[in-house]
Structures are given as C-alpha cells and as structure tokens.
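Written out below as structure tokens is the structure these notes cover.
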Amino acid sequence: MLLTQLQNSQPWVFFPRRVQKLSRFSSLKGESISCHFWRAKSSYFDTYGLVRQNRGIRRVTSQRRLDKLDSTMHIDVSLSHDLTSKSPRMDPGGSSKGYQIRVISGAVSSILLLRLVQLDFVNTIVKMVNNFLPRVVLTSGSMSVPFACISNSVNKPTPLKLDVSLPSLQDVQWNFARLLYLFNVQLEKNIGIFFVVLLVVCFSFILIGGFLFYKFRGGSLSLEECFWEAWACLCSPTTHLKQRTRVERVTGFILAIWGILVYSRLLSTMTEQFRSNMQRLREGAQMQVLEADHIIICGVNSHLTFILKQLNKYHEFAVRLGIATARRQRILLMSDVPRKQIDKVAGNIARDLNHIDILTKSCSLSLTKSFERAAANKARAIIILATKGDRYEVDTDAFLSVLALQPIPKMESVPTIVEVSNSNTCELLKSISGLKVEPVENVASKLFVQCSRQKGLIKIYRHLLNYRKNVFNLCSFPNLAGTKYGQVRHGFQRAVVCGLYRGGKIYFHPNDEEILQQTDKILFIAPVHGRGTKKQPPLSDVVNEGRSVIQGSEVLENNAADTTNQALELKKARLVHIVQRLNISGSKTSDSSLGPKECILLLGWRPDVIQMIEEYDNYLGPGSVVEILSDVPLDDRNRASGVAGQGKLKNIKVLNRVGNLMSYDTLKETITNIQNSVRKNEDVPLSVVVISDRERLVGDSSRADRQTVYSLLLAENISNKLGVRVQNLVAEIVDSKLGKQIARIKPSLTYIAAEEVMSLVTAQVVENSELNEVWKDILNAEGDEIYVKDIGLYMKEGENPSFAELAERAHLRREVAIGYVKDNKKVINPIPKTQPLSLALTDSLIVISELEGE
C-alpha cells in the first residue's frame, strides 16, 4: 500500500501524533470542515510546487503558498468562530469546547509554520522518490503481480497522436496520378491489358444498368431480361430510343454513350495491337526463323555487296547443275542496327539478284538467344563480317559472336566463317571446342601490295574467284587411293592439278612418287559449270574417269619414254630449255632470298598503311625506298604506327612528306626528289601507288575514288613531262565500274579493288571451307603465291611447246603452271593442253611459286 500511495500525485504532509489525536476527538462539523479544507488547499499548492524544476521559481511559489495559506487559516478560524457564534445558546460545557477549538487552531498554525520551514526539503525528497522508485520497480519486478498496477503520473506515456483527418487534395491528386502512371507502365509492356480494362468496365455498366432497369420497372421484367436490355443499349445506340420512362431513357442514353466510347477505344486498341505485332515482326528480334539450309550473315560492311553477288552466281550454277536444294537460296542478314537500315541496304543490293531471297533480322550478335532464333544449327553456313574500323574491336566482336554460338547444340557440322584482323585471333577462334570455325584473315593490304608490284595479277585473282570461270576446287577421289601423285597430275586433261590437301594443310609441290591416301583431296583448277550443250562440270567427268586416270597416265608416260632411261633423257632435254631456279631453301621472307631494289611513291594515308609497308619489306630488297605523301600530320602518322614499326624493317627506308597529293607543285617536287635520289648508273624501277583515304572521308567511297583517280592521272602526267619512267601506276578504287572505265581509257593504269577481292575469298570459303587454307597460303608472303613470269624462263626463242610441256618444265623448277598471258590476254587452264602454242618472248607464264623472279 505504501508504494501505491507514493505513486499518487498528491504530496503527503506528516503531522505530529498529538495533533492527529486531537483531530480524532473533534466532533464539531465546522472543525472537520475546516481541517479538510485546509488539507485540500495545501495538497493543491504542493502539487503546483512540484511541477516547477527551477529552484528560483520554486522559492517564489513557496512564498505564494505562504500568503494563500495564511488567508486560508483566517477563513477557517473565522468560519469556526461564526459557527459557534451563530448557535442560539451556549451550553455549560461550551467553554471546554471553545478551549478545544483554540488548541486545534494553534496546532494547525504550528504545523503550517513547520511546513513552511521544511517545504523545500520535503519537496526535494518527494521528487527524488517519485523519479527513482518507479524505475527501481520497473527494472526489478516488472514481471511480478504486486507491482503490475504501479503507474507514474509524472512520466506518462506519450500518446500515439494518430492522424484521422482526411487527406489533402494534393495527396489525392498525387495518388491518382500514381495509379495512372502504374497503369501506363503496364500498358506499355503489354497493350492487351487495355482489353481487360475495357471488358471489366463494360460488364460493370451492364450490371449497373440492369439493376437500374429492374428497379424502376417494378419487377415487370426479370433481372436477366434487364441485363440483356442493358447490353443491347451498350452495343446498339438506337436501343435506348425505345425506352418509355424518363429514368429509363437517361439510363439507356448513358449506356449508349458509353457503348460508343468502348467501341472506339476497342477499335483503336486493336489497331495499336496489330501495329505493335507488325513492328515486332519488322524488327525480327523475337521472331523464330524456321528455315533449313540457309546462310546466316552477321553484320554489314563493304564486303556484303560482293558476297551476296557471288552467292547469287553460285546458286545460279547449282540450279543449272541440279544440285540445289531450293529454287532460291535463303540468306538471313543479322545486324545490331535498326531493321530499317538493314532493309534499305538489302533492298539496294538484292535488286538485281534473282537467285537469292534476303531476310533481315535486327538483334544482338553476342547473345546465344539471337542465334537460336535464327536456327543457326540448321544453317548451311554462318558468316561473321567485320563491322568496326579498329582491328582490336573487330577481333573482340568476332570472338564474342563465336562464343555465343558455342552453347547451341549440333553446331559441329555448320562451318562458321569469321573475318578477323590477324593470325593470332585465328588460332584463338580455332581453339574453341564444339564449333567448326574458319577464320578468314583480312589481308587486303597484303593483296594490294602483291597486285601493285605485278601488273595484271589482280585480273588473275578475280578470274580464280569468279564462279563463271575457272576456280580452285578440292575434291576427294577414294578410287585413286594408292596411286602416285605424278600419275594423277598427268591424268587430268581438263583441269590443272595444283597439289594435295592432307591433314588440314595444303601442299602445292608434292613429289611425283607420293602415294595418295584414302583421306587425301586433290586441289585443281577447273570451271564449276560445264561447257557446250552438256551443261556438265568437268568435276563429274574426272570422277567418272577416275579409274581410267591410271591407264591414261601410263599411256602418257609410255608415249614420252618407253624406258626409265628414255625418261631421264627427256628430263635432261627439258632442263636445257629452261632457266634452272637457284637452289634456295626457305621463303621470300628469309634472309637468304633478297628481292629487287625498287622505289615506291605512296600517295595517301590510313592506319593500315603500316601493314602495307611491312609487306613491301618482305618483297623488296635492301636499299629500297617507300616515300609517303599525305596531308595527314606526322604526329598522327607516328601515333598510328607507333614509330617502332620502322625499326622492324630490314630492307626498305620510309620517308614521310606532308602535302596535298592533288597539288601539282607538291607532287612534281616529290617525284623530282625521288628521281634525284637514285644514282645515274642504277636502274631502279619506280611505282606510283594511290590509296583511298576512307577513314578521313567517313566512308564516302565515291568521293575517295574521284580523288584517287585524279591523283593517279596527275602523277602520270608529271612523270611523262619529267621523263621519269614509271613501272606501275596503281590506284585503289572501291567502285569496280569506275576502275574498268579508267582502264579502258588508260591501259597503262591499274585499278585494284582489294576489298572486293577479299569479299570474293570469303564467299568462296562459304561454299567450301577447306579452300580457306588455300587462299591463306597464296595471300601470305611466307607461302606460295601466284606470279606472272617471263616465258623466256621456260622456252627458247623459236619453240612452240604445248601447255603440257610448259607445265612439265615448270614442275622441274618446283612451280605449278596454271595458265599463260599472250598479247596481254590471260588464259587459265587451257584446253587442249597438248596443242602447240605460238608464244613470243614478250609473253608470260602464270605459275604458283614460292619465290619471285628466277
């Protein structure tokens, strides 16, 4: 009980015992009233004093209590005195009662004085008890039953202050806008949500209208009929005109108006949904391709046009031969650019292509899902083109695309042709397991260097890459297993046998005593299509005559020499008529073989000029000079080449000159300085080479071609005026039509479309991936290459040897003769080969050889 009392808000006053006894024996009502009144007053003022925390305020409050208590005492005493005086009569014992009253009044006065003295001390003690005791109780026995009812009136819990007022108008507007925003987000993801919303609202109005009709008609119609009439008003606006009462007409009018709105929104939603589906079909990203034996081309670059034209020619011949699986070849063109751009490019290219159908698809080329939707595992071949200008970005994109193909099952049989920038990337791509990757290195700069040094070589390359003419073929002849290579070489009369394909490598000069194996393939040059009325390719002729090859070769050998001695005598006779090649081991890049000394004037600049310079260093001899004239600053050239590239050069010296290559004075000064740098007693040939600066012209090939042609014609004019003999005048032109036109006007000029030739190589590898090794060896400075050599190396003046005889003489020089040039006209794979040829010493023989010159 003590703790319960201590928690009370009223402060307690402790009276002396005798005062309490006197109060107990007091029987007067007035006295008891005065005592209780005093107690109530004092409790009020004590509570007021305890609320104050400041000591100074406490003292002022105590002083106010003293004044009020004094007034209370006077009131109490006067009240008791009045009560006594108002009594009608005094008893005999009244004196004793008055005495008691006086004693009580004195005791109260004494107690009040003592209270005033101890007021500060008592208040402090009470405050300490009120603050400390509840904490002790709560911490020590909060879980016990006796203390469960303890509460602190001073430290009351803070109310929750729940806000039950209505939200403001701004909050309502924001919440409505939020709901509308979420609805628009979902509608953007799926426009079909709007159908659901219209359906719900439509049924809601039918229910409301039906109940209204049912109520206001007094049950004359069933609820089902009311619902049906509400639906009729909603779907047919004229139905509400049949309503009889005012309420029914208003309800029908509202339903009719809402029906018109629903119908208009439904029609617009369906139109938008159809447009959205058509847009998805146009983009093609989500469309699953259901094709087989199709060709996938990834990326768009300058090679695309020539690749599609070459594929169109090949399929045309396949249809003629009856080996095509479809009337038109399906080509799937994939790119990460918008589909509108792809369709525009494909439309311009496919305008004259009648044997292929081009499908377009805009998607990411580094995602597996994109290739799965393109049915990559059912494709005939996959071509990944280089779409970036930087060589490192080209290789990175190619590697990511190949990695995206790896998780797709059944990809081992689909050849993947990838354009890369260097040979190191080729090895990296081939190391990816589960794929048949054929990297095609972009050797356009090497091809340009080869063709710029040999006049007419570009025409030979274009001939060997044209399906309408003689091309490289790799075929397997199991029936020739166990036959010597020499017998096979002599037995093919309608083709030129060039070598063997064994173990993934090409061998152009195998020994005649080499025995063919079951897995070997023969490399030969022959047309794909047949000639004459048969329309039958010589490939099938060779297959059908496979068994007779041995007999034909034996007959040929018997006719040449009946015995081994006669064969040796024939060999000696042939060696007399040829210029024997020096016995030099190694390729042209080795230190033992030195090329000729030349001067090269290179007009123009772009980053791959460094690769051209390195390629020139492989072919030219010591003392050669390559001078570059361009308006590109030297800092930019050094930044592109790293300057360190010149330190690797062994045979040539590079000179840089800054100037406008279309300026007459600048070009004249440059040619004069080159001529003066050559000694008078030396005959150093000069070649003028002009390259197109596509990087600086931002892909404007027509403008680049015009500047290139103008610079080349200007250089020829200046050389003729100065009397400088120029061995080769070469220009890099993108547009082949313009190049042919210039060549007809100026036969001394040579145009090279290196990018076109590289695209033709890619297209040929698509049809036969094993030909990639052939072209890699031919276009590499360390391998065998095609050369146009003087006929005087193989015959004497006055002779009329046949092509078969010339091929045997070239074989003695470790070379493969594939054709000849007579009167500036090339003939590759001449038929018949045993017919004598009337060749002059000014003509040339086309051979595949390891070394240039003699």
Side-chain angles (χ1 to χ4, degrees), residues 297-311 335 365 381-402 415-430 437-452 457-458 461-462 464-465 604-619 640-641 645 689 691-695 699 701 704 732-734 736 752-766 769 771-783 785-786:
I297 300 179
C298 303
V300 176
N301 61 4
S302 58
H303 298 174
L304 180 62
T305 303
F306 308 108
I307 291 176
L308 292 178
K309 290 181 179 180
Q310 193 75 352
L311 293 177
S335 178
L365 301 180
I382 300 175
I383 307 174
I384 301 178
L385 301 179
T387 58
K388 302 294 181 61
D390 185 73
R391 56 185 301 183
Y392 299 107
E393 292 184 2
V394 168
D395 295 343
T396 302
D397 293 346
F399 185 73
L400 292 178
S401 298
V402 173
T416 304
I417 293 86
V418 187
E419 290 187 351
V420 296
S421 62
N422 54 67
S423 57
N424 295 328
T425 307
C426 297
E427 298 176 359
L428 180 62
L429 292 176
K430 284 188 174 182
V437 182
E438 290 293 340
V440 178
E441 185 179 355
N442 188 6
V443 291
S445 58
K446 298 181 180 180
L447 178 66
F448 181 81
V449 171
Q450 291 184 16
C451 297
S452 66
L457 181 60
I458 186 64
Y461 279 134
R462 293 174 64 88
L464 293 174
L465 291 168
W605 172 267
R606 63 170 184 262
D608 61 349
V609 169
I610 305 303
Q611 302 177 10
M612 295 183 182
I613 294 174
E614 294 176 353
E615 194 70 11
Y616 274 120
D617 188 65
N618 293 329
Y619 291 96
S641 61
V689 179
I691 62 175
S692 59
D693 194 353
R694 291 189 300 273
E695 295 290 335
S701 59
E732 182 184 19
I733 298 178
V734 179
S736 299
I752 300 175
E755 296 293 336
E756 178 183 356
V757 175
M758 284 306 305
S759 62
L760 296 179
V761 171
T762 303
Q764 197 171 91
V765 174
V766 171
S769 59
L771 290 176
N772 187 30
E773 292 295 327
V774 177
W775 286 107
K776 185 185 299 183
D777 191 284
I778 290 177
L779 297 176
N780 194 347
E782 297 180 356
E785 298 178 21
I786 299 176

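We use all heavy atoms of the structure for the numbers below, so side chains are in, but hydrogens, waters and symmetry mates are not. All residue numbers refer to positions in the sequence shown, counting from 1.
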If we only count heavy atoms from C-beta on, is the [X] to [Y] side-chain gap below 4.5 Å?
X	Y	value
Q450	I786	no
I752	Y461	no
I458	V757	yes
V689	M612	no
I297	L308	yes
R606	S692	yes
I307	L385	yes

Closest contact, heavy atoms only, [X] versus [Y]:
X	Y	answer
T387	G299	CG2-CA, 3.6 Å
V437	K430	O-CG, 4.1 Å
S736	A753	OG-CB, 4.1 Å
L760	F306	CD2-O, 4.1 Å
M758	V440	CE-CG1, 4.4 Å

N/O donor-acceptor pair under 3.5 Å between [X] side chain and [Y] backbone:
X	Y	result
Q310	L465	yes
N442	E419	no
N301	A386	yes
S401	L365	yes

Straight-line distance of [X] [atom1] to [Y] [atom2], nearest 0.5 Å:
X	Y	atom1	atom2	value
L447	E755	CG	CD	9.5 Å
C298	D397	SG	CG	11.5 Å
R462	L457	CZ	CG	12.5 Å
L400	I384	CG	CD1	10.0 Å
N424	L429	CG	CG	11.0 Å
S421	Q611	OG	CD	7.5 Å

In this structure, which one of T416, T762, V765, V418 forms a side chain to side chain contact (heavy atoms under 4.5 Å, CB included) with I383?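 Going through the options one by one, the only one that passes is T762.
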Quick test of your reading of the model: are K446 and E785 salt-bridged, counting only N-O distances below 4.0 Å?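 Result for this pair is no, no salt bridge flagged.
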Is any NZ, NE, NH1 or NH2 atom of the basic residue among K776 and E773 found under 4.0 Å from an Asp or Glu carboxylate oxygen of the other?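 Counted as a salt bridge, because a side-chain N and a carboxylate O are separated by less than 4.0 Å.
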